[in-house]
Novice: 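Please find one structure pasted underneath; my questions will follow.
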Amino acid sequence: MRFRFGAEGDLTAPSRDRLAVGDPRVVDFLAALARRLLAPAVARRFPELGSLGYFLRPAELTRAVTAMRRTDALVFPRGNVFHLPPANVDTIFVYSWALSALAGNHNVVRISSRSAGAAEAVLEALDAVDGDPVIGRTQRMVTYGHDDAITAALSRWCDLRVVWGGDAAVDAIRRHPLRPSARDLTFPDRTSWAVLSLPGWRAADPAARRAAVTGFANDAYWFDQAACSSPRTVFLVGAGDPDEVRAEFLELLRDAVDKRGWTVDAAMAVEKRVNAYGLAATGAATALDLSDNRVTAVTLAGAERAPRRWIGAGAFPFARVDSLSELVPAMNRQDQTVSHFGFTPAELHAFATELGGRGVDRIVPFGSALTFGGIWDGYDLPNEFTRLTVVQP
């Protein structure tokens with residue numbers, strides 16, 4: 001079944017192509033896709049596709065459908081959904097599209113012409129699945145250049161437009177009007193952090209420390225630290241001298257990078273060096289460790305000087321604070337994920353409560369920053385992709 005279609009054809013499906021929430025034809029197709037993505041040959045080439053395949057397993061699909069139906073109202077598909085995923089995280093479009101398809105929507109997903117690697121592997125897997133013909137008639141993966149006419153037409157067609165990317169990309173897409181009853185679901189620029197408890201690190205055994213850093217490395221390096229949920233600044237939290245903990249953390253991080261064979265190319269090394277010197281020139285950084293091209297450590301003058309912009313793959317500013325509470329004033333709506341190690345559940349809940357929804361949508365352990373869930377950026381996606389009808393006898 002080919003998934004790359006041109007602009008021909010009527011995108012408003014006839015009654016025979018109407019899908020329901022949790023439609024068995026969609027569930028079967030997604031489950032078959034999961035099996036292909038979890039095949040050892042695919043997962044070895046692209047480890048991130050293993051996580052995607054796990055997300056699409058039948059048990060996970062059943063949980064998502066149950067979440068959509070957990071209401072006293074009747075639940076129906078939202079309608080036509082137009083997805084514009086980013087090019088820098090080349091699997092995110094599958095999560096967004098799969099949940100929308102599971103909700104019974106007719107979808108058009110624009111795949112960037114710059115997508116490669118894992119995205120191509122996903123498209124090959126989609127093409128290879130032998131699903132019900134209704135899937136091909138209602139689910140479209142398209143590639144086109146910066147053509148405002150096509151984007152405008154698809155924007156007028158849709159009931160929901162899902163826009164991933166930077167603030168500028170979101171603003172550019174919003175220039176194309178939607179029908180009055182439609183709306184946008186936007187995922188603009190976000191920043192994510194890591195917090196490491198100094199007492200918790202010291203109390204952990206060596207195996208737990210190494211596992212935590214391996215998880216941190218996966219969070220940071222899979223998408224060149226450019227994913228919205230990848231950690232940037234590392235906050236060392238708690239009493240005591242942080243230098244010994246930081247040194248051990250960086251040593252374990254270099255070991256993890258060695259084992260995975262991750263590298264940073266020369267152009268990225270130059271980019272990181274320029275950005276690091278920029279932090280030093282403005283007084284935001286007090287020390288730079290540029291000895292390893294793959295792991296660049298920056299000492300910040302204070303937690304409030306943490307950069308929100310991406311400064312390069314494998315670049316980690318560090319700052320120390322006495323408690324998680326010290327970070328609360330610095331958090332805002334741009335902040336998405338805080339990954340953590342060494343804290344008690346009570347400490348994390350107190351931190352989230354003090355934030356009070358003003359910033360940070362996810363607080364997850366090291367190694368889970370890139371794990372996609374139905375609740376993302378503060379949205380309950382299974383419900384966003386559906387609409388409700390209330391019937392009162």
Side-chain angles (χ1 to χ4, degrees), residues 86-90 92 112 114-117 164-172 187-196 213 216-236 242-243 246-247 249-258 260-321 327 330-332 334-339 369-370:
N88 64 317
V89 182
D90 50 11
I92 198 70
S112 171
R114 292 184 288 135
S115 295
W164 304 77
D167 293 352
V170 172
D171 288 341
F187 299 90
D189 284 331
R190 306 303 302 273
T191 302
S192 294
W193 317 101
V195 292
L196 189 156
V213 176
F216 176 91
N218 289 337
D219 292 341
Y221 285 87
W222 263 359
F223 298 109
D224 291 332
Q225 213 174 345
C228 59
S229 55
S230 293
R232 297 180 186 176
T233 295
V234 180
F235 295 107
L236 304 172
D243 291 346
R246 173 176 140 157
F249 178 89
L250 288 171
E251 181 182 356
L252 291 173
L253 183 58
R254 294 185 187 100
D255 288 345
V257 170
D258 278 338
R260 287 301 186 97
W262 281 314
T263 59
V264 175
D265 64 28
M268 184 59 63
V270 172
E271 178 82 8
K272 286 198 298 182
R273 189 172 289 263
V274 169
N275 287 328
Y277 286 151
L279 291 173
T282 62
T286 60
L288 307 176
D289 180 356
L290 304 171
S291 59
D292 191 321
N293 187 29
R294 303 158 305 162
V295 181
T296 298
V298 178
T299 302
L300 295 175
E304 73 283 356
R305 307 303 295 270
R308 277 193 158 77
R309 62 187 176 86
W310 178 77
I311 64 174
F316 304 104
F318 284 84
R320 196 195 76 79
V321 294
L327 299 177
M331 300 289 105
N332 62 38
Q334 184 181 333
D335 300 319
Q336 189 216 58
T337 298
V338 169
S339 52
L370 300 179

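Model, not experiment: these values are computed from the prediction.
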Novice: Counting distance only, does the side-chain N/O of D167 pair as donor-acceptor with the main-chain N or O of P188 below 3.5 Å?
Specialist: no

Novice: Quick one: do D335 and R308 make a salt bridge, cutoff under 4.0 Å?
Specialist: yes

Novice: Could you walk me through whether N218 and L370 satisfy the side-chain contact (heavy atoms from CB on, under 4.5 Å) test, starting with their C-alpha distance in whole Å, then the side-chain angles of each, then the deciding distance to 0.1 Å, before giving a yes or no?
Specialist: CA-CA 8 Å; N218 289 337; L370 300 179; 5.9 Å; no

Novice: What I want to check is whether the side chains of Q334 and T191 have a donor and an acceptor closer together than 3.5 Å.
Specialist: yes

Novice: Of all heavy-atom pairs between D189 and G166, which one has the smallest distance, and what is that distance?
Specialist: OD1-CA, 2.9 Å

Novice: Using modelled atom types and a 3.5 Å cut-off, is there a donor and acceptor pairing between side-chain atoms of R305 and backbone atoms of T282?
Specialist: yes

Novice: Grab the two heavy atoms, one from D219 and one from A369, that are nearest each other, plus how far apart they are.
Specialist: OD1-N, 3.2 Å

Novice: Testing T299, L236, L196 for side-chain contact (heavy atoms from CB on, under 4.5 Å) with F318, which one passes?
Specialist: L236

Novice: Kindly write out the residues that satisfy salt bridge (charged side-chain N to carboxylate O under 4.0 Å, His left out) with R232, not counting sequence neighbours, or none if the list is empty.
Specialist: none

Novice: Would you name the heavy atoms of T286 and L300 that are closest together and state the gap between them?
Specialist: OG1-O, 4.3 Å

Novice: When rounded to the nearest 0.5 angstrom, what distance separates OH in Y277 from CG in L290?
Specialist: 5.0 Å

Novice: So which heavy atom on W310 is nearest to which on D224, and how close?
Specialist: NE1-O, 3.2 Å

Novice: Working to the nearest 0.5 Å, report the span between OG of S230 and CZ of F223.
Specialist: 7.5 Å

Novice: When rounded to the nearest 0.5 angstrom, what distance separates CE in M268 from OG1 in T296?
Specialist: 10.5 Å

Novice: Is the side chain of T233 donor-acceptor paired with the backbone N or O of W193 at a distance under 3.5 Å, no angle test?
Specialist: no

Novice: If you round to the nearest 0.5 Å, how far is CZ of R260 from CZ of R294?
Specialist: 14.0 Å

Novice: Taking the six-membered ring for Trp and the single ring otherwise, decide whether the centroids of F216 and F316 are under 6.0 Å apart.
Specialist: yes

Novice: Measure from the side-chain N and O atoms of Q336 to the backbone N and O of S192, and report whether any donor-acceptor pair falls under 3.5 Å.
Specialist: no

Novice: How far apart are the closest heavy atoms of P86 and I92, and which atoms are they?
Specialist: CD-CG2, 3.3 Å

Novice: Search all heavy atoms of N293 against all heavy atoms of V264 and return the closest pair with its distance.
Specialist: ND2-O, 2.8 Å

Novice: Quick one: CZ on R273 to CD1 on I311, what's the gap to the nearest 0.5 Å?
Specialist: 13.0 Å

Novice: So does S229 get a backbone contact from the side chain of T337, meaning a donor-acceptor N/O pair under 3.5 Å?
Specialist: no

Novice: Could you state the interatomic distance from OG1 (T263) to CG (D258), rounded to the nearest 0.5 Å?
Specialist: 11.5 Å

